[in-house]
Asks: 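Dropping the structure in here first, questions after.
Numbers here simply count residues along the sequence, with the first being 1.
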Amino acid sequence: MCGIVGFTGNKQAAPVLLDGLAKLEYRGYDSAGIAVRDGENETEVIKEKGKLRVLAEMTDNGKAVKGTCGIGHTRWATHGEPSAVNAHPHASDDGNVIAVHNGIIENFQEQREKLIKKGYAFHSQTDTEVAVKLIDYYYKKYSQLPIEAIARAMVRIRGSYALCVMFKDYPGEIYCARKDSPMIIGIADGESYVASDVPAILKYTRSVYYIGNMEIAKLEKGAVTFYNIDSEVIEKPLTEIKWDAESAEKGGYEHFMLKEIHEQPKVIRDTINSVVTDGRVHFDSVSLTDEEMQEIEQVYIVACGSAYHVGMDLQYVIEALTSLQVRVELASEFRYRKMTLHRKSIVIVISQSGETADTLAALREAKEQGIKTLGIVNVIGSSIAREADNVFYTLAGPEISVATTKAYSTQLVAGYLLALQFAKARNEIEEARYDALLAEINTIPEKVARILEDKERIQWFSNKLINVSDSFFIGRGIDYAIGMEGSLKLKEISYIHSEAYAAGELKHGPISLIENGTIVISVVTQTGLIEKTISNMVEVKSRGAKVMAVTTAGNYFLEDTAEFVCYVPKIESLFTGSLSVIPLQLLSYYVSIGKGYDVDKPRNLAKSVTVE
Ligand code: G6P
């Protein structure tokens, strides 16, 4: 959570910082601040509670702040309420050290008390102020060398951090340190940049360095030097970013979410094409061999949020196509479970950002037990991508809206291809069925596009949800997994209380909550289970619920039970999730904007949850 940006060069820094922070606002948006230095002059610190636009107004979009070296921050509060005092940057009382931070310092209380004994005073409730003062303490106590002071503080600090620090004695320089929180460093002619994520600097440069865990960097105008924790200089490779800058802009759409919903046909196609050539799935880029796939007996899919829902869907697909056993786990639970993993297993972690703290910890836990790991990841060079044994990159491009849509869809299709490849490598699928399933996967982009063409019907229906306070999503099998995602989408951006239930579970509790006008959204695509779910729809309808259904074209009889039916094109049953989720994404979007909410930045949420 939180976004950080830094710049040193020859142009005015503040507009660059504000521009970069705007691209990172999805990471947090309860307060924001910048610190900019004009040559040898005092550093100017400006920070305020509220969204970035407040800071932009205070500084005339940065134009009013002089100086060519600075750091900026957009915050998602962890320690201390959102306020100007708790907003970053934080500084030592004499302005010797000024820093912004993303992450959590777990032992901040203990370090704070030690520093108070040394005479330091604290003004905010943040853990960041502790880091700043600890660096200041070591700087003054020892050699007055920034790298050494930071390295000493890093040894004392437990937790996660991406830190950008400026020192009074070193104008024009920014020092960065990282452990388990994302941070990239960009370089251009006479200019250096640092940011939590690529979109923040993409406008200025495509040449980036990935700073590793427990490493430090010194940024000067157009030059970067890297150090390890022993303050020794280390070399890092320069990487070229291939994304185009436009994919991180709204491109004519009113909101990022709507733009990203519409990008789905293309990014699903790109993800398929990345591993399918000549009618075959090739996993060279994933580097998982047929022999490895043959040996595996157990699959664990571990993820958070929507990525977990992808896993919920994939378990049905993998188990239907192979003899593999699949367990789907929430990363936050998995990481603390005292569980001996099956020796012949693979842990598949799914993550858009590749930085979700719990998912990363789960991956490390699996590796510690010596289990093979595979990451389905969107962000190239992210921590999970770097640490997993094998990586299947989804090609969703930058996803800005906090509520995921296109990353979810690419993860799902990546999972289908993985399931198919497992079946093939293990000789568990006939050639003709393999060809037929791959052909079906290839129809998904065009079928998603068809659903999007008919979005006005869903927009019309969304009005019926504007004033409701409770809703339920029901379904069986894959339809249940999609209901979970639909329910999460609705609650996270429209703030309507929503629960997803396996339809068969309704009678075990939730039916007691059904009363006149309760909304029940039913996903009904799984041949063989349709009649059973219809019975559940009838049960809730007879108790006053307003029932909506998402089903496959041809199932017109659902109109007898549901007040509103949304049809998706026909497709092989195993892959219906890719289609039935689309109307649910659109529904949530329209309800949210209908209620006048900030759909791309829902309250209390952040796009990457890099803290526990
Ligand atoms: C947050 C996002 C979700 C996402 C989840 C997991 O809650 O809002 O959209 O599904 O984190 O994130 P990841 O980056 O690991 O996929």
Asks: Above 12 or not: heavy atoms from other molecules or residues under 6.0 Å from NZ of Lys49?
Replies: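 Result for NZ/Lys49: open.
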
Asks: Nearest 0.5 Å, please: how far is CD1 in Ile348 from CD1 in Ile301?
Replies: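 Rounded to the nearest 0.5 Å, the CD1-CD1 separation comes to 5.0 Å.
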
Asks: How long is the gap from OH on Tyr253 to NE2 on His262, to the nearest 0.5 Å?
Replies: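 Result: 4.5 Å between the selected atoms.
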
Asks: Distance-only, no hydrogens or angles: does the His88 side chain make a donor-acceptor pair with backbone N or O of His101 under 3.5 Å?
Replies: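 Yes, because the side chain of His88 sits within donor-acceptor range (under 3.5 Å) of the backbone of His101.
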
Asks: So do the side chains of Asp19 and Lys203 get within less than 4.5 Å of each other, counting heavy atoms only?
Replies: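 Yes. Closest side-chain heavy atoms under 4.5 Å.
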
Asks: What verdict does the side-chain contact (heavy atoms from CB on, under 4.5 Å) test give for Val208 and Ile201, after you've listed the backbone C-alpha separation in whole Å, the side-chain angles of each residue and the deciding distance to 0.1 Å?
Replies: CA-CA 9 Å; Val208 304; Ile201 60 169; 4.1 Å; yes

Asks: Begin with the C-alpha distance, continue with both residues' side-chain angles, and end with the deciding distance and a verdict on side-chain contact (heavy atoms from CB on, under 4.5 Å) for Ile184 and Val198.
Replies: CA-CA 7 Å; Ile184 48 130; Val198 172; 4.0 Å; yes

Asks: Are Asp598 and Lys51 within salt-bridge range, i.e. N to O under 4.0 Å?
Replies: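 Salt bridge between Asp598 and Lys51, a charged N being under 4.0 Å from a carboxylate O: yes.
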
Asks: Given the rule in the ring-ring contact (aromatic ring centres under 6.0 Å, His included) test, do Tyr501 and Phe473 qualify, once you have shown the distances and angles that lead to the verdict?
Replies: CA-CA 6 Å; Tyr501 260 91; Phe473 285 71; over 10 Å; no

Asks: Atom NE2 of His73 and atom CG of Leu52: how far apart are they, to the nearest 0.5 Å?
Replies: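 Interatomic distance, His73 NE2 to Leu52 CG, rounded to 0.5 Å: 12.0 Å.
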
Asks: Between Ser382 and Glu355, does any side-chain donor sit less than 3.5 Å from a side-chain acceptor?
Replies: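 Their side chains do not contain a donor-acceptor pair, so the 3.5 Å distance test is not met.
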
Asks: Out of curiosity, Arg335 CZ to Leu363 CG, how far, rounded to the nearest 0.5 Å?
Replies: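 Rounded to the nearest 0.5 Å, the CZ-CG separation comes out at 11.5 Å.
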
Asks: Rounded at 0.5 Å granularity, tell me how far CD1 in Ile458 sits from CG in Leu452.
Replies: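 Between atom CD1 of Ile458 and atom CG of Leu452 there are 8.5 Å.
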
Asks: Is there a donor-acceptor pair under 3.5 Å between the side chain of Asn213 and the backbone N or O of Asp180?
Replies: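 Yes.
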
Asks: How far apart are the closest heavy atoms of Val448 and Ser578, and which atoms are they?
Replies: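 Shortest heavy-atom contact: CG2-O, 3.9 Å.
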
Asks: Between Glu57 and Arg53, does a salt bridge (Lys or Arg N to Asp or Glu O under 4.0 Å) hold up when you go through it step by step?
Replies: CA-CA 6 Å; Glu57 276 162 19; Arg53 94 175 97 78; 5.7 Å; no

Asks: Could you pull out the closest heavy-atom pair between Val267 and Ala396, with the gap in Å?
Replies: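 Closest approach of Val267 to Ala396, heavy atoms only: CG1-O, 3.5 Å.
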
Asks: If you look at every heavy atom in Leu395 and Thr271, which pair is closest and at what distance?
Replies: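 Smallest heavy-atom distance, with atoms named: N-OG1, 3.0 Å.
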
Asks: What heavy-atom pair brings Ala162 and Ile4 nearest, and what distance separates the two atoms?
Replies: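 For Ala162 versus Ile4, the nearest heavy atoms are O-CD1, 3.5 Å.
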
Asks: Give a yes or no answer on whether the side chain of Glu260 reaches the backbone of Ser401 with a donor-acceptor pair at less than 3.5 Å.
Replies: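 Side chain of Glu260 to backbone of Ser401, a donor-acceptor pair under 3.5 Å: yes, one is there.
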
Asks: Is it true that Tyr193 and Tyr204 have ring centroids separated by less than 6.0 Å?
Replies: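 Here the rings of Tyr204 and Tyr193 have centres that are less than 6.0 Å from each other.
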
Asks: Would the number of heavy atoms belonging to other residues, nucleotides or ligands and lying under 6.0 Å from NZ of Lys266 be above 12?
Replies: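 It does not: Lys266 NZ has 12 such atoms or fewer within range.
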
Asks: Does the cation-pi check pass for Arg603 over Tyr495, that is, NZ or CZ under 6.0 Å from the six-membered ring centre and within 45° of its axis?
Replies: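 Verdict for Tyr495: a cation-pi partner in Arg603.
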
Asks: Would you check if the side chain of Ser580 reaches a backbone N or O of Thr576 as a donor-acceptor pair within less than 3.5 Å?
Replies: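 Side chain of Ser580 to backbone of Thr576, a donor-acceptor pair under 3.5 Å: yes, one is there.
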
Asks: Quick check on salt bridge (charged side-chain N to carboxylate O under 4.0 Å, His left out): which of Arg178, Lys179, Lys236 does Glu215 satisfy it with?
Replies: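 Testing each of Arg178, Lys179, Lys236 against Glu215, the sole residue satisfying salt bridge (charged side-chain N to carboxylate O under 4.0 Å, His left out) is Lys236.
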
Asks: Classify the side-chain pair Thr405/Gln585 by whether it contains a donor and acceptor separated by less than 3.5 Å.
Replies: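 Side chains of Thr405 and Gln585: no pair found under 3.5 Å.
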
Asks: Will you find, in the side chains of Glu399 and Thr404, an N or O donor that is under 3.5 Å from an N or O acceptor?
Replies: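 Side chains of Glu399 and Thr404: pair found under 3.5 Å.
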
Asks: Any donor-acceptor pair under 3.5 Å linking the side chain of Glu485 with the backbone of Val581?
Replies: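 Absent.
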
Asks: Answer whether the closest heavy-atom distance between the side chains of Leu360 and Thr356 falls below 4.5 Å.
Replies: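 They are not in side-chain contact.
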
Asks: Show the numbers, then the answer: is there a side-chain contact (heavy atoms from CB on, under 4.5 Å) between Val391 and Val286?
Replies: CA-CA 5 Å; Val391 182; Val286 182; over 6 Å; no

Asks: Indicate yes or no: at least one non-hydrogen side-chain atom of Leu587 is less than 4.5 angstrom from one of Met548.
Replies: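 Yes - at least one pair of side-chain heavy atoms lies under 4.5 Å apart.
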
Asks: Which is it for Ile493 and Met257 under the side-chain contact (heavy atoms from CB on, under 4.5 Å) test, yes or no, and what are the steps along the way?
Replies: CA-CA 10 Å; Ile493 57 176; Met257 183 173 176; 3.6 Å; yes

Asks: Which heavy atom of Thr394 sits nearest a heavy atom of Ala414, and at what distance?
Replies: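 Smallest heavy-atom distance, with atoms named: CG2-CB, 4.2 Å.
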
Asks: I'd like to check Val5 versus Leu24 (side-chain heavy atoms, cut-off strictly below 4.5 Å). Are they in contact?
Replies: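 Val5 reaches Leu24 side chain to side chain.
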
Asks: Assess the side chains of Thr373 and Asp389: does a donor N or O sit below 3.5 Å from an acceptor N or O?
Replies: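 Side-chain D/A pair, Thr373 to Asp389: present.
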
Asks: Would a distance-only check, ignoring hydrogens and angles, find a side-chain to backbone donor-acceptor pair under 3.5 Å from Ser192 to Leu219?
Replies: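 It does not hold such a pair.
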
Asks: How close do Pro89 and Gly33 get, heavy atom to heavy atom, and via which atoms?
Replies: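 Closest approach of Pro89 to Gly33: CD-C, 3.6 Å.
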
Asks: Thr74 side chain to Gly3 main-chain N or O, any donor-acceptor pair under 3.5 Å?
Replies: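 No, the answer is negative, given that no donor and acceptor are paired below the 3.5 Å cut-off.
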
Asks: Do Val523 and Leu584 come within less than 4.5 Å of each other through their side chains, counting heavy atoms only?
Replies: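 A side-chain contact under 4.5 Å exists here.
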
Asks: Determine whether Gln352 and Tyr408 make a side-chain contact, defined as any pair of heavy atoms from C-beta on separated by less than 4.5 Å.
Replies: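 With C-beta onward as the side chain, the pair stays apart.
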
Asks: Between Ser494 (side chain) and Lys491 (backbone), is there a donor-acceptor pair under 3.5 Å?
Replies: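 No.
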
Asks: I'd like to know if Lys11 pairs up with Glu191 as an ion pair, taking the criterion as any Lys NZ or Arg NE/NH1/NH2 lying under 4.0 Å from an Asp or Glu carboxylate oxygen.
Replies: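 Salt bridge flag = yes for Glu191 with Lys11.
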
Asks: Quick one: does any side-chain atom of Arg364 pair with a main-chain N or O of Lys367 as donor and acceptor, under 3.5 Å?
Replies: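 Not a single qualifying donor-acceptor pair exists.
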
Asks: For Glu48 and Ser31, what are the C-alpha separation, side-chain angles and deciding distance, and is it a side chain to side chain donor-acceptor pair (under 3.5 Å)?
Replies: CA-CA 6 Å; Glu48 195 44 275; Ser31 52; over 6 Å; no

Asks: Quick one: do Lys259 and Glu254 make a salt bridge, cutoff under 4.0 Å?
Replies: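 Salt bridge between Lys259 and Glu254, a charged N being under 4.0 Å from a carboxylate O: no.
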
Asks: Charged N to carboxylate O below 4.0 Å: is that the case for Arg337 and Glu329?
Replies: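 Between Glu329 and Arg337 there is a salt bridge, with a charged N closer than 4.0 Å to a carboxylate O.
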
Asks: Without swapping roles, check the side chain of Lys607 against the backbone of Glu25 for a donor-acceptor pair under 3.5 Å.
Replies: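 Absent.
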
Asks: Can you measure from OG (Ser498) to CG (Leu490) and round to the nearest 0.5 angstrom?
Replies: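 Here the interatomic distance stands at 5.0 Å.
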
Asks: We want to know whether Asp470 and His497 form a side-chain donor-acceptor pair, criterion being a heavy-atom distance below 3.5 angstrom.
Replies: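 Yes - a donor-acceptor pair under 3.5 Å links their side chains.
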
Asks: Is there a side-chain contact between Tyr416 and Leu418 in this structure, where contact means two heavy atoms from C-beta onward sitting under 4.5 Å apart?
Replies: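 The answer is no; the side chains never approach within 4.5 Å.
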
Asks: State, yes or no, whether a side-chain contact exists between Tyr589 and Ser462 at a heavy-atom distance under 4.5 Å.
Replies: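 No, too far: nothing below the 4.5 Å cut-off.
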
